[in-house]
Every structure is written in structure tokens, then in C-alpha cells.
*Asks:* 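Dropping a structure here in C-alpha cells format, bear with me for questions.
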Amino acid sequence: MVKELLDVHIEASKKAIEATRSPQLLYLLVHIRPPKELGFSELDLNLCLVLDRSTSMNGERLEKVKSAASMIVDKLSEDDRFSLVVFSDRSEVIWPAKKVPDKKILVAMIERIGAFGGTEIHQGLEAGLQEVRRAQLPNYANHLILLTDGHTYGDEEACVDLVRKAAKDGILFSGLGLGPDWNDRFLDELASLSGGDVAYIETPEQVFQELKQVFHGLDSAYARNVRLVTHFPPDITLTKAFRVSPTAQPLALNQHEMRLGSVEGRTPLSVLLEFSIDVQRAGQLVPMPIILTADIPYRSLRDQGVRKFHEVAVVAQAPKEDPPKSLLAAVQAWNLHQMNEKVWEDIEAGDVHAAEIRMEHLTSRLAEAGHMALARQLREEALRLSSQGEVSVDGRKRLKFGTRSLVSQTVGLPHFDHAEM
Amino acid sequence: MQKCNTCGNEYIEGALYCSECGVFLLAKTEPEEFESKAQVPIPKPINGSDPTRPFEQQDGFATRPNRVLISITSTGRRVALELVDEIRIGRVDPGQEFWPELDLTPDQGFECGVSRCHALLQPTAKGVELVDCGSTNGTQLNNQHLNPEQPHPLKNGDHVKLGGLLIQVFFES
């Protein structure tokens with residue numbers, strides 16, 4: 001146990017809780033950073049790009065994806081390992097995992113990629129992960145980025161199994177969805193298994209920007225494969241978890257440990273945790289140990305444990321205290337995102353009336369917080385729902401990823417809603 | 001258990017925001033508490049002025065108020081706004097690009113009959129005036145119905161009823 005490997009700072013919604021006869025909620029905002037005194041060098045990459053080449057990608061989409069892939073190739077350093085896989089209903093390894101001494105050859109191969117066939121993500125994932133594993137080295141950032149514009153059918157479970165196993169081997173998965181028709185819930189599920197990200201690319205023009213965003217930071221990770229041990233004392237239950245920084249992403253509540261992602265050099269890895277605490281007696285201290293495990297490639301260390309003890313006092317009458325502003329802002333933004341998700345759940349469940357009421361509330365909350373573009377988008381969808389009985393698929397994605405990004409904007413901000421006292 | 005003052009949903013202790021309507025659950029519910037514990041001190045009228053007399057009959061504030069503190073009685077929500085230009089009170093309507101400075105939607109403004117543009121708070125040389133914008137359900141100042149488009153001076157602690165929604169207004173210089 002080497003404590004100084006990670007700097008862990010915890011903010012709690014309450015310093016003390018009241019002894020009550022019913023369970024109560026407590027929020028922790030956990031910030032994980034490299035120790036201040038440590039510098040670290042860039043990591044070499046072992047990156048696999050898995051690109052959808054199905055018929056729906058034909059035209060501008062594929063052309064923009066190809067030029068974005070070529071630009072990523074251009075950014076590789078000479079010690080990076082790179083592989084490129086394309087898939088439709090079968091996969092093809094364009095460039096097996098290895099160094100890229102002559103980038104022009106690879107760029108020319110990318111140029112020749114054409115579109116055909118359906119979308120079977122499992123085909124691409126299997127081939128891509130095989131390439132990452134072939135070149136996997138302990139001190140490399142092992143990462144697979146999948147880009148797709150469509151749904152996969154019938155092979156979802158097999159994909160989940162692949163990513164789960166890869167995550168155990170320290171391979172991170174990130175998904176990029178292009179256009180309105182890809183399955184965001186499925187990619188979210190895959191990303192949350194490994195602690196990776198999902199991004200929504202609205203138009204082909206944005207492909208390079210988004211790909212660069214994911215690519216950026218891969219080689220500057222101080223700690224990778226950061227996991228939170230989810231065994232807490234029996235009267236404490238972790239009920240929800242969400243990564244706030246560097247990118248906002250829901251986290252999967254697994255039985256033993258939760259994968260949080262990487263600690264990059266510049267930005268803290270921050271996660272918001274919601275706990276339910278059972279009945280407690282006054283005078284007790286509730287222990288809430290935050291136990292992390294991480295790989296520190298810069299020091300050639302794997303599975304290093306870092307422990308931070310947090311305790312909450314139980315008192316007969318808790319003093320009135322305001323939660324820390326950064327925690328409050330993160331919970332508020334997270335709540336807006338969750339309200340947005342519930343709108344679509346209401347619609348899918350056929351409860352249009354509940355969805356309309358929720359949309360009205362959410363529109364007001366977004367407008368009050370100054371997020372006018374999102375408020376307008378939601379209003380448009382509410383009008384569409386009441387007049388046509390349906391919402392637009394691209395509007396849904398724009399709102400989902402728009403409200404999600406509000407969460408990551410809260411880190412470091414003094415307050416979220418300046419009009420409220 | 002704690003209850004959302006806006007939509008009535010119940011949450012276990014420790015919840016911070018209502019998942020149904022999105023408002024902050026820990027907002028103070030007692031207006032008295034707001035008066036006594038407001039972070040910004042509420043100014044007292046000067047020169048022995050009587051706060052029960054209309055503003056225009058008073059000696060006035062030392063300087064024109066530059067901030068208005070509004071307490072929504074039913075929900076306990078408190079909002080502080082700068083008194084630079086006029087303050088529109090009503091309900092947000094993104095479809096019409098209407099964003100009032102004080103949006104009463106979270107306080108059941110619609111259910112209480114608050115119009116989109118219901119009333120205005122207008123800063124003047126001497127103080128602040130309240131104007132009903134021709135609202136559907138009218139505006140009352142200390143239980144007196146106001147004629148639309150007619151300015152009425154406000155004093156510290158006045159009660160204003162917008163349709164069926166009661167607010168209390170305080171000023172800070």
C-alpha cells in the first residue's frame with residue numbers, strides 16, 4: 001500500500017448526519033490527482049481504431065472518418081503501436097498492431113477503404129481487441145476506439161463479454177457515435193465497463209475534433225485502469241455513481257469494483273458517489289473507506305492500492321450546513337441530466353403526459369441556469385411531442401449528451417445557479 | 001422524509017435536488033428566516049420613516065435600492081436580483097424567446113395563474129415601482145388590486161400577489 005501514489009481529496013454533502021429511524025442519502029465528490037511533487041513523462045500508445053464501414057457510412061461520413069483517421073495517424077509518435085480495423089458484417093485488419101515507420105503507406109491504405117454491408121460491432125471489436133492484445137505492453141496506454149453510425153443486432157451480449165474481459169486486462173474502450181441512428185445506451189454500457197468515454201458526433205465535420213478529443217490525453221495518463229472497491233460496511237450502499245471529470249460518463253455499479261477511467265496530467269479524475277446510509281445511533285462514526293486500485297505506467301506499477309478514510313459523524317441534531325458548492329453544482333447538473341433521461345423513459349413507456357410535465361420543468365431549470373440552447377432544443381421536442389406524438393432521434397441525442405456535458409463543466413466552478421441565493 | 005415544496009414529491013433525508021421538477025430541496029421554507037438570516041442585510045428606511053406608509057410619503061432610502069430580494073411564500077424559494085434595469089416577473093417561454101428575470105414556473109406559476117409576462121419591477125429615481133403588465137389573473141399589492149399598466153411604489157417587505165401566487169419583496173441599498 002503506497003499512499004503517495006495518488007492524491008485523493010473528498011468533499012461530502014454533510015460532515016455529520018442525524019441519528020434517524022430511516023435511511024438517508026450522502027453524496028461524496030472524490031477528486032483523484034497525481035501527487036503534486038511528481039512529474040511524469042508521456043506514455044507510448046497502443047491504440048486500435050475500429051471503424052464502421054457499413055453501407056450507411058457511404059459518402060461524406062466515410063470520407064470525413066477516413067481523413068480524421070489519417071490525421072490521427074499523423075499525430076502518432078515513432079514508438080506508438082497502432083492498428084486499424086474496419087468492419088461491416090465482417091471485419092478486416094487494415095493495419096495490424098505495430099509501429100508506423102512510414103505514415104504515407106498507412107494513409108494510402110486508409111484512402112482505399114470503401115463502404116459496404118451491414119453493422120456487426122462484434123466483428124470489429126473482436127478483431128480490434130485481438131490487435132491491442134498482440135501489442136500489449138505494461139507501460140503502454142492500451143486503448144480501443146470504436147466509431148459507428150448504426151445499431152448492431154443480436155451480438156450485444158458477445159460485445160459486452162469482450163469489453164468486460166478486455167477491461168480486466170487493462171484495455172480501455174471508448175465509443176464514438178456518428179449521426180442520429182447509433183445505439184447510445186449500448187455504447188454507454190460498453191464504455192462504463194472499462195471506464196472509457198462515449199461521445200456524440202452530430203455531423204461528419206465534427207469527426208476529427210471528437211476523435212482528437214479522445215486521442216488527446218491518452219498518452220498523458222498518470223494512472224490508468226483506476227478502480228474503486230465497492231465493498232462498504234453493511235449499513236452503507238453505493239446507489240449511484242457518475243464520473244464528473246475529465247469527461248462526464250455514467251459508471252457501472254459492479255459487484256466488487258467500479259472502473260473509473262484514467263488520471264490525466266492536467267485534470268483531476270472526479271467521481272460523484274451517492275450512498276444510502278442505514279439507521280445509525282448518535283455518537284457513532286460511520287466509516288466510508290475509499291479504496292482505489294490503479295496502474296501507474298510511468299512507474300511500471302500495476303494494481304497499486306490507495307486508501308483514503310472518510311468518516312461521517314452521527315449526531316442527535318446535525319448542524320445546518322450548506323454542502324460544498326462544487327459538490328452542489330455537480331449534483332445539480334447530474335440531476336438535470338437524469339431528468340432528461342427520465343423524459344425519454346417516460347416516452348418509451350408511453351406516458352406522454354408525464355414526459356410533457358417533466359419537459360416543462362426541465363426547460364425552466366435549464367433556462368434558469370443559462371443553458372438556453374438546451375432549453376430551446378427541449379422546448380422544440382416538447383412541441384413536437386404534443387403536436388406529432390413523437391420526438392426526433394437527433395434531438396434526443398443532442399439533449400442526452402448536452403445535459404451530460406453540463407456535469408463535467410461544474411468541476412472548479414464556484415456556483416452553478418447564480419440567481420438563486 | 002423531506003418534501004419538495006414545488007411538486008410535493010417526497011425524498012429520503014439527504015437528497016439535494018428534486019428529481020421530478022429539479023428544484024433545490026434544502027431551500028429555506030420560513031420567510032421569517034429569510035428576513036433574519038439573509039446573507040445581505042436588509043436596509044432599514046432612514047430618518048425615522050414609517051415602513052407602513054407608502055414609499056412616496058416616506059423620507060425614502062438613503063440611496064436607491066440596488067438589489068431586490070424576493071421570497072416566494074409557497075415554496076420558500078429566495079431569489080436575489082440586481083436592480084439595474086426593469087425586472088420582468090412571469091414564466092419562461094423558450095418557444096417565444098421570453099426569459100423573465102424572475103421565472104415563477106418552479107413555484108407552480110402556471111397552476112397559480114401567473115402570466116408569462118405578469119408584472120414589472122421598475123427602478124426609479126426614488127425607489128422601485130410595481131407595474132401589472134395586463135396579466136390575465138391580475139396583481140395585488142398588500143391585498144389591493146392594481147390597475148394594469150399603472151406604476152405603484154413599493155416599500156420594503158411588501159406582499160405582492162401575482163394571480164394566486166404570493167411573493168414578498170425586500171430591498172437592499
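Small disclaimer: the values here were computed from a predicted structure and weren't measured.
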*Asks:* Above 12 or not: heavy atoms from other molecules or residues under 6.0 Å from NE2 of B/His145?
*Replies:*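 Atom NE2 in B/His145 is crowded, with more than 12 foreign heavy atoms closer than 6.0 Å.
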*Asks:* Would you check if B/Glu20 and A/Met339 make a side-chain contact, meaning some heavy-atom pair closer than 4.5 Å?
*Replies:*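 Not touching, per the 4.5 Å side-chain cut-off.
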*Asks:* Any idea which heavy atoms bring A/Asn335 and B/Cys18 closest together, and the distance?
*Replies:*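 In terms of heavy atoms, the two residues are closest at ND2-O, 2.9 Å.
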*Asks:* Kindly compute the distance separating CG (B/Leu16) from CG (A/Leu327), expressed to the nearest 0.5 Å.
*Replies:*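 The CG atom of B/Leu16 sits 7.0 Å away from the CG atom of A/Leu327.
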*Asks:* Go through the structure and list residues passing salt bridge (charged side-chain N to carboxylate O under 4.0 Å, His left out) with A/Glu189, not counting sequence neighbours.
*Replies:*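 Here no residue qualifies.
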*Asks:* Under 6.0 Å from the CD atom of A/Gln317, do we count more than 12 heavy atoms belonging to anything else shown?
*Replies:*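 No.
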*Asks:* Within a radius of less than 6.0 Å around NZ of A/Lys397, do more than 12 heavy atoms belonging to other residues, nucleotides or ligands occur?
*Replies:*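 Yes, because the 6.0 Å sphere around NZ of A/Lys397 holds more than 12 heavy atoms from other groups.
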*Asks:* How many angstroms lie between atom CZ of B/Arg91 and atom CD of A/Glu360, to the nearest 0.5 angstrom?
*Replies:*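 Separation between the atoms: 7.0 Å.
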*Asks:* Could you tell me the separation between the CD atom of B/Glu13 and the OG1 atom of A/Thr20, rounded to the nearest 0.5 Å?
*Replies:*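 Going from the CD atom of B/Glu13 to the OG1 atom of A/Thr20 covers 7.0 Å.
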*Asks:* Side chain, backbone, both or neither: which part of A/Thr363 has a non-hydrogen atom closer than 4.5 Å to chain B?
*Replies:*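 Contact with chain B is through the side chain of A/Thr363 alone.
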*Asks:* State the CZ-CZ distance between B/Phe24 and A/Arg365, to the nearest 0.5 angstrom.
*Replies:*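 B/Phe24 CZ to A/Arg365 CZ: 13.5 Å, rounded to 0.5 Å.
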*Asks:* Find out whether B/Ser19 and A/Gln338 are in side-chain contact, i.e. whether some heavy atom of one side chain is under 4.5 Å from a heavy atom of the other.
*Replies:*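 No; the side chains remain at least 4.5 Å from each other.
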*Asks:* If you round to the nearest 0.5 Å, how far is SG of B/Cys21 from CZ of A/Arg358?
*Replies:*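 Atom-to-atom, A/Arg358:CZ and B/Cys21:SG are 10.0 Å apart.
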*Asks:* Rounded to the nearest 0.5 Å, what separates atom CH2 in B/Trp99 from atom OG in A/Ser364?
*Replies:*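 B/Trp99 atom CH2 to A/Ser364 atom OG measures 8.5 Å (nearest 0.5 Å).
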*Asks:* Mark yes when over 12 heavy atoms from residues, nucleotides or ligands other than A/Phe232 sit less than 6.0 Å from its CZ; otherwise mark no.
*Replies:*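 It does: A/Phe232 CZ has more than 12 such atoms within range.
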*Asks:* So which residue, A/Glu18, A/Glu274, A/Met372, ends up with the most heavy-atom pairs under 4.5 Å with chain B?
*Replies:*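 Highest number of pairs under 4.5 Å: A/Met372.
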*Asks:* Apply side chain to side chain contact (heavy atoms under 4.5 Å, CB included) to the pair A/Leu328 and B/Tyr17, showing each step before the final yes or no.
*Replies:* CA-CA 9 Å; A/Leu328 210 50; B/Tyr17 287 91; 3.6 Å; yes
